[in-house]
Number of protein chains: 2
Amino acid sequence: MSSKPTMRDVARKSGLSIATVSRVINFPADVPAETAKIVTAAMAYLNYRPNINGRRLKMTQTSTIGVLVPTLANPVFATSVQGIEQEANANGLTVILTSSEYDPEREMGAVSTLLNNRVDGLILTLANADNNPVVDLLLAEKIPFVLLFNQPSRADIAAISVDNAQSAYDMATAMIAKGHRSLAMVAGQFESSDRSRQRYDGFCRALDDAGIAQKHLVQVRFGETDLVAPLADFLCGPEEVTGLVCSTDMLAIAAISACRAHGLSVPDDVSVGGIDGISVGGLITPKLCSAVQPTQEMGQQALAFLRGLIKGQTNPQSLLLPHHLSDGDSIGDFRRRSSTLL
Amino acid sequence: MSSKPTMRDVARKSGLSIATVSRVINFPADVPAETAKIVTAAMAYLNYRPNINGRRLKMTQTSTIGVLVPTLANPVFATSVQGIEQEANANGLTVILTSSEYDPEREMGAVSTLLNNRVDGLILTLANADNNPVVDLLLAEKIPFVLLFNQPSRADIAAISVDNAQSAYDMATAMIAKGHRSLAMVAGQFESSDRSRQRYDGFCRALDDAGIAQKHLVQVRFGETDLVAPLADFLCGPEEVTGLVCSTDMLAIAAISACRAHGLSVPDDVSVGGIDGISVGGLITPKLCSAVQPTQEMGQQALAFLRGLIKGQTNPQSLLLPHHLSDGDSIGDFRRRSSTLL
DNA sequence: TTGAAAGCGATACCAG
DNA sequence: CTGGTATCGCTTTCAA
């Protein structure tokens with residue numbers, strides 16, 4: 001009485017068998033409407049609630065998927081998880097959420113938890129997609145998974161991202177075309193973001209192709225949002241630059257604050273470009289340019305892809321979403337997109 | 001062989017019983033080091049991974065908690081979930097995530113899913129905390145839960161929030177003190193956010209107390225981020241106002257964009273104030289004022305509170321976090337706080 | 001210190 | 001169309 005009613009209780013109440021109760025829940029079509037009505041009434045009367053854990057134990061599929069992101073404090077990941085959640089909800093899947101806090105060491109633990117839960121598949125954003133023990137484990141255990149935002153070098157791993165190196169290359173090249181000869185890249189730490197490294201590689205290649213030898217790099221620790229000091233040398237010190245290429249929109253926003261703090265007007269005195277999984281944008285004097293790839297949709301895509309893998313209808317494959325440079329205010333777009341109600 | 005190893009396999013492999021295996025997993029202290037070593041070796045050899053669903057079925061506690069937020073696309077909720085996740089992780093709890101998309105109709109379904117999962121407790125941000133069937137259900141079934149950001153009128157419901165009405169009152173009052181006589185409130189739809197209504201109430205009270213009869217209200221649909229048209233009447237039309245009080249930081253950001261689009265400089269031509277679960281801030285000419293209550297910590301607090309409820313060590317109680325008006329750039333602070341690495 | 005065995009709640013096979 | 005029953009993997013007495 002005090003404890004929750006089970007199928008057994010419903011069966012007793014309705015004078016039918018537990019097997020029949022199970023049928024009206026799972027295969028209503030296999031049961032006469034009359035019978036179904038009796039059972040349904042009993043369920044309602046008892047306030048019955050199927051215990052999904054019983055089902056999970058019995059079935060091979062758990063209808064559960066695991067998600068691992070660095071942090072939800074970054075809107076890029078948060079909105080992608082929102083997309084995953086939406087798509088999961090539409091397909092009767094339950095989402096278990098974990099985060100690594102950008103710490104590669106914590107990834108394995110988080111994934112272990114997920115696997116102990118016997119998730120049907122995983123969607124992950126890892127610090128480093130290559131040479132990652134988590135990836136090896138998943139591959140070995142043949143658990144379906146798709147990487148989100150990571151761009152692994154192996155092509156037979158399921159992944160959804162933009163071309164990180166190329167997008168940075170394009171942005172730097174565009175800034176160079178506008179006349180900039182002295183550029184700095186603002187990036188996250190490579191250990192906790194392979195995207196950063198890939199984008200930096202693209203940045204360097206662009207400068208090489210333009211015959212610019214001097215490459216500046218400002219690396220920012222995760223969580224660091226005050227770029228006033230880190231950028232001092234470049235904005236008003238000896239290494240004066242005229243343009244910044246930022247690894248992410250969030251860094252670009254922070255960089256803009258720093259520019260203003262140093263008395264520079266953006267984008268008049270300095271140009272700032274931010275790259276994201278969602279957007280490749282540059283503040284290029286005198287107009288800003290950007291292109292937005294909604295991360296929410298990327299999340300939905302990732303789950304759709306994962307569902308295909310789980311059903312065995314699809315093969316793992318790396319998907320590169322197109323990126324564009326176009327006119328518009330990248331940062332403004334970003335902000336506007338994020339602007340929702342509390 | 002093809003299927004995952006179970007405790008039975010480990011027992012067989014180690015020549016011990018399944019009960020002993022269970023013991024080394026759950027009560028290592030109750031087992032001789034020698035025995036434990038054998039079992040551990042067998043587990044490693046077999047690549048054993050406990051199936052949490054078996055345990056969940058047997059135990060009354062599932063070590064799982066359910067979370068429901070309107071959306072993760074709003075950084076306020078996303079960071080709070082991040083805080084929950086962090087705290088859960090630190091306590092060996094698994095988080096199941098759902099979202100309502102701001103649709104009150106979807107709340108019950110989401111909570112049902114959570115309850116079917118037999119979560120130990122819930123953390124929820126509801127459209128309306130009062131007269132909510134979800135709350136009634138949870139109360140009736142005696143499932144521990146804590147509301148986050150909601151400020152229910154009943155005091156015996158666990159909740160963590162700021163004083164919505166009072167914070168809006170304070171902000172409006174501060175703006176009036178600066179000389180503003182014509183103010184408008186920018187708020188979300190009341191049906192999907194009781195916070196909005198409570199804040200609007202505070203706004204009205206402030207105007208009443210100041211003897212200002214004219215109260216302007218601009219209500220914005222969820223997802224709407226372009227306030228140029230909605231604010232046209234107030235920013236350059238017949239109803240010219242000199243200050244905007246926004247229900248959330250995100251709305252404030254959108255409002256600022258709209259001001260600029262209308263050729264107004266912020267905060268010279270117009271003042272904008274944003275209220276959030278995290279912050280009560282106003283852009284008050286000539287200086288911005290704000291105070292930040294980190295939502296991430298609110299999430300952590302919520303989970304800590306919930307754990308107390310689950311253990312029966314605490315009683316449900318409504319907690320109001322203090323809010324402040326102080327100097328600083330509310331919007332800038334917000335952005336800086338959000339600025340992390342991809 | 002260890003093991004046998006009884007469930008936890010649901011699914012699904014196989015008879016009736 | 002319906003019901004009995006074995007089973008999923010694990011926890012937890014109760015004996016040995």
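Each chain gets a letter, A, B and so on, in the order the sequences are listed, and its residues count up from 1. Note that the structure is a prediction, hence the values are computed from the model and not measured.
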Practice item. Apply side-chain hydrogen bond (donor to acceptor under 3.5 Å, both in side chains) to the pair A:Ser99 and B:Glu85, showing each step before the final yes or no. Key: CA-CA 7 Å; A:Ser99 69; B:Glu85 219 296 300; 3.0 Å; yes
Check your understanding: Less than 4.5 Å apart, any side-chain heavy atom of A:Thr94 and any of B:Thr113?
Key -> yes
**Study point:** Side-chain N,O (B:Thr6) to OP1/OP2 (D:dG9) below 4.0 Å
**Key:** no
Exercise for review: Identify the two heavy atoms, one from B:Asn150 and one from B:Ala127, that lie closest to each other, and give their separation to 0.1 Å.
Suggested key: ND2-O, 4.4 Å
Review point. Can you find a side chain N or O atom of B:Ser22 that sits less than 4.0 Å from OP1 or OP2 on D:dC10?
Key: no
Study note, to complete from the structure: Heavy-atom nearest nucleotide on DNA chain C taken for B:Ile18 and for A:Phe27; more 5' hit belongs to B:Ile18
Point to revise | Polar pair under 3.5 Å, donor/acceptor by atom type, side chain A:Lys58, base C:dG9 | key: no
Point to revise | Rounded distance [0.5 Å steps], CG in B:Asn91 versus CD in B:Gln86 | key: 11.5 Å
Review point. What is the distance, rounded to the nearest whole Å, between atom OH of B:Tyr48 and atom C1' of D:dG9?
Key: 7 Å
Check your understanding: Within the pair A:Thr20 and D:dG3, is there a side-chain N or O less than 4.0 Å away from OP1 or OP2?
Key -> yes
Practice item. Looking at every strand, decide which applies to A:Thr35 at a 4.0 Å heavy-atom threshold: base, sugar-phosphate, or nothing. Key: sugar-phosphate
Exercise for review: Take atom CE of B:Met59 and atom P of D:dT11, then tell me their distance rounded to the nearest Å.
Suggested key: 7 Å
Check your understanding: Under 4.0 angstrom, heavy atoms only, what part of the nucleic acid is B:Leu16 near: base, sugar-phosphate, or nothing?
Key -> sugar-phosphate
Study note, to complete from the structure: Whole-Å distance, A:Arg56 CZ to D:dT7 C1', equals 18 Å
Check your understanding: Counting side-chain heavy atoms from C-beta on, which of C:dG3, C:dT11, D:dC1 comes nearest to A:Pro32?
Key -> D:dC1
Practice item. For the side chain of B:Leu57, starting at C-beta, report the closest nucleotide among D:dG3, D:dT12, C:dG9. Key: C:dG9
Check your understanding: Which whole-number value in Å describes the distance from A:Ile52 CD1 to C:dC8 C1'?
Key -> 16 Å
Point to revise | Atom pair distance, as rounded to whole Å: CZ in B:Arg49 and C1' in D:dG9 | key: 15 Å
Exercise for review: Figure out the CZ/P separation between A:Arg118 and D:dG9, and round it to whole Å.
Suggested key: 8 Å
Review point. Choosing from C:dT2, C:dG9, D:dC10, which nucleotide comes nearest the side chain of A:Asn51?
Key: C:dG9
Exercise for review: Apply salt bridge (charged side-chain N to carboxylate O under 4.0 Å, His left out) to the pair A:Glu87 and A:Arg307, showing each step before the final yes or no.
Suggested key: CA-CA 10 Å; A:Glu87 192 73 6; A:Arg307 295 213 309 140; 5.4 Å; no
Revision key, fill the gap. When rounded to whole Å, the CG to C1' distance for the pair A:Asn117 and D:dG9 reads 14 Å
Point to revise | No-H, no-angle donor-acceptor pair, A:Arg23 side chain to D:dG3 base, under 3.5 Å | key: yes
Practice item. Using a heavy-atom cut-off of under 4.0 Å over every strand shown, decide if A:Asn26 touches base, sugar-phosphate, or nothing. Key: sugar-phosphate
